[in-house]
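Computed from a prediction, not measured in an experiment: that's the story for all the values here.
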Amino acid sequence: MRDPAEQNGISTRPSRRAVLAATAGTGAALALGGEAHPYDIDARLRRIISRMTLEEKVGQLFVMRVYGHSATAPDQADIDANLAEIGVRTAAELIAKYRVGGIIYFSWAHNTRDPHQIADLSNGIQKASLSLSRGLPVLISTDQEHGIVARVGSPATLLPGAMALGANGSRTDALTAGRISGAELRALGIRQDYAPVADVNVNPANPVIGVRSFGADPKAVAGLVAAQVTGYQRSSVAATAKHFPGHGDTAVDSHYGFPVIEHTREQWSSVDAPPFRAAIRAGIDSIMTAHIMVPALDDSGDPATLSHPILTGILRGQLGYDGVVVTDSLGMQGVREKYGDDRVPVLALKAGVDQLLNPPSIDIAWNAVLAAVRQGELTEARLDTSILRVLRLKYRLGLLSRPYVTRAGVDRVVGVRGHLLAADRIAERSTTLLVNERKLLPLSRVTHKRVLVVGADPASPSGTTGPPTSVLADALTELGFTASALPTGTAPSAAVVARAVAAAGEVDAVVVGTYNLSGGSSQRTLVAQLLATGRPVVCVAVRNPYDVAQLPDVQAYLATYSWTDVELRAAARVIAGQVRPRGKLPVPVLRADDPTSMLYPIGHGLSY
């Protein structure tokens, strides 16, 4: 049976006194009301740390996944997954066994079904931790970058992603997006967001960053990163600049391999470092490490996550950062390439990390850190230093006094009309028109009434209605066209291409959604054969703007930078002429036949 408090969402916010009482022995130390001097706060936080057992200290350093929509009564399938991967049944058992300082939400772990459920889960997690002796509030986090990476979906507000904001170019819009996202996450009990991405995407072949980056101009990226940090943190949610020291110039995905960045020290300083410097100047609460090797910064062969020269020497020493450092997921291949899962968390702490995110086995990692302290490889004082940083962050976020959220608070903030309208306007200012031969766009509802939408339907990011072809067709129909969708996929066969060409003969215009085109992609064949019909063809890059280089004969081309509903609906309004395209390329597009030549520079963008 569900815990009554969790079921009801703690509809009446618990008093500060009740929260402090739930922390038992830490209650007096948590009484940090008023405008206390930072030294007073640190002194009181250190008293909390002094009362913790070694096992509790080790737990505070971990941020762990857990399956289920409820902290105490998840579905049986999620109980089974927890037992198989973690050795516990529920989030409450995870907290009781390992005393983890943080929990990360994932949609695939069934943590994020709907806003009220998320708030209930957050409250259940806090209650489970605070009911323990010397229990502390849990720092709940997620990856809500927006665009193609989102863990909390509709009816929460889904905003344009980083590269769309880069095309928009407005720091005000970037700040607004961060403020809206932060306010909604906070209402759900999520206090740390692993955003914004501070990587400068200078490699068009980058398989893991791409449109998650604001762009390829370090100065522009730095300004937008700082704006987003300000927006999030004005909403009392910790922003997290990632992935230090910079993941923008790699052709290897660190989830599956070990990237090596060959930038010189000077290149790193001029290209990769500026956004992180800007984030630090903006008061960033946390910075995430990258599982990459940068020989110019550390030639040991270790990934940055395990590199003392990079994390302590450069990040803390050279850049002067003293906030929380969190690893990227310790389950990724990039950090597991060289060392076993028992060594990785120990080496990360020795390098200067404060939070150990999502190890493959919490039991192996937790016991490895515990053993390292007992055997003298790590000192307890070293743990205390990181725990103090984590507790300072929890204090700044208000977790030590008000860890719970309410359903009423969710209803006041999450997915409200003002937020949704702001997302629409920001998306409109992001949509980028790259090609418009003979002024094909905007399409006329008189001469191009019947529209066929074909193309790729990649799996929709969390909580979007999708698929992209249907979203575009429905949006165009709402705008006065008669539009139908015919999905053709990312690798259409000859039969699928033939079916699309036949359908094109029955309409006045065709819209094609392209997705990560390569030289040998059959998506190119689809577009070529549709153009051969003589029907007007409008292409929409639903992910990378680089696709246009593979289609030199295209008549009209838009870039949306993501296939989320908010960006696709904005593209439909641009196609229909309801709004003018205003986006400018935040990355250069090189010629496909000669990658040394520029096709479209940064700043290219047409309008009506």
Side chain [X], main chain [Y], donor-acceptor under 3.5 Å:
X      : Y      : answer
Gln126 : Val138 : yes
Thr327 : Leu357 : yes
Thr312 : Pro309 : no
Thr240 : Asp193 : yes
Asn111 : Gly68  : yes
Ser386 : Val353 : yes
Glu184 : Thr157 : yes
Ser154 : Thr464 : no
Ser286 : Ala239 : yes
Arg191 : Leu397 : yes

Does any non-hydrogen side-chain atom of [Y] lie less than 4.5 Å from one of [X]?
X      : Y      : answer
Val100 : Ile95  : yes
Asn82  : Arg65  : no
Ile261 : Trp268 : no
Arg171 : Leu175 : no
Pro160 : Asn168 : no
Ile292 : Pro245 : yes
Arg265 : Leu297 : yes
Pro359 : Ile364 : no

Using salt bridge (Lys or Arg N to Asp or Glu O under 4.0 Å) as the criterion, list what pairs up with [X], not counting sequence neighbours.
X      : result
Lys394 : none
Arg343 : Glu377
Glu56  : Arg99, Arg134
Arg396 : Asp285

Report the C-alpha separation of Val566 and His146 in whole Å, then their side-chain angles, then the decisive distance to 0.1 Å, and conclude whether the side-chain contact (heavy atoms from CB on, under 4.5 Å) test is met. CA-CA 11 Å; Val566 67; His146 293 278; over 6 Å; no
Decide side-chain contact (heavy atoms from CB on, under 4.5 Å) for Trp366 and Lys97; before the verdict, give the C-alpha distance in whole Å, the side-chain angles of both, and the deciding distance to 0.1 Å. CA-CA 11 Å; Trp366 187 89; Lys97 183 173 182 179; over 6 Å; no
Over 60° means perpendicular and under 30° means parallel, so classify the ring planes of His247 and His243, tilted if in between. perpendicular
Separation between [atom1] of [X] and [atom2] of [Y], rounded to the nearest 0.5 Å:
X      : Y      : atom1 : atom2 : value
Ser129 : Leu94  : OG    : CG    : 10.0 Å
Arg429 : Asp424 : CZ    : CG    : 10.5 Å
His419 : Ser181 : NE2   : OG    : 10.0 Å
Leu393 : Gln355 : CG    : CD    : 7.0 Å
Leu388 : Ile49  : CG    : CD1   : 4.5 Å
Asp42  : Tyr395 : CG    : OH    : 10.0 Å

Do [X] and [Y] have a side chain donor and acceptor closer than 3.5 Å?
X      : Y      : value
Tyr98  : Asp363 : yes
Asp411 : His116 : yes
Ser269 : Arg277 : yes

Could you go through Val152 and Ile190, starting from their C-alpha distance and side-chain angles, then the distance that decides it, and tell me whether this counts as side-chain contact (heavy atoms from CB on, under 4.5 Å)? CA-CA 10 Å; Val152 179; Ile190 300 169; 4.1 Å; yes
Shortest non-hydrogen contact from [X] toward [Y]:
X      : Y      : answer
Ser141 : Val63  : OG-CG1, 3.7 Å
Leu224 : Gly166 : CD1-CA, 3.7 Å
Val410 : Pro115 : CG1-CB, 3.6 Å
Tyr232 : Ala195 : OH-CB, 4.1 Å
Ile180 : Ala422 : CD1-CB, 3.7 Å
Ala187 : Gly409 : CB-O, 4.0 Å

What pairs of residues pass the salt bridge (Lys or Arg N to Asp or Glu O under 4.0 Å) test when at least one of them lies in residues 235-250, not counting sequence neighbours?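 Passing the test, one end in residues 235-250: Asp143-Lys242, Glu145-Lys242.
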Does anything in residues 217-232 pair up under salt bridge (Lys or Arg N to Asp or Glu O under 4.0 Å), and if so which pairs, sequence neighbours excluded?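 Every pair satisfying salt bridge (Lys or Arg N to Asp or Glu O under 4.0 Å) with a residue in residues 217-232: there are none.
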Could you give me the CA-CA distance, side-chain angles and deciding distance for Phe276 and Ile284, then say whether side-chain contact (heavy atoms from CB on, under 4.5 Å) is met? CA-CA 9 Å; Phe276 293 101; Ile284 186 78; over 6 Å; no
Between Asp322 and Arg392, is there a salt bridge with N-O shorter than 4.0 Å? yes
Verify side chain to side chain donor-acceptor pair (under 3.5 Å) between Ser307 and Asp298, making sure each step is shown before the conclusion. CA-CA 7 Å; Ser307 169; Asp298 179 3; 2.7 Å; yes
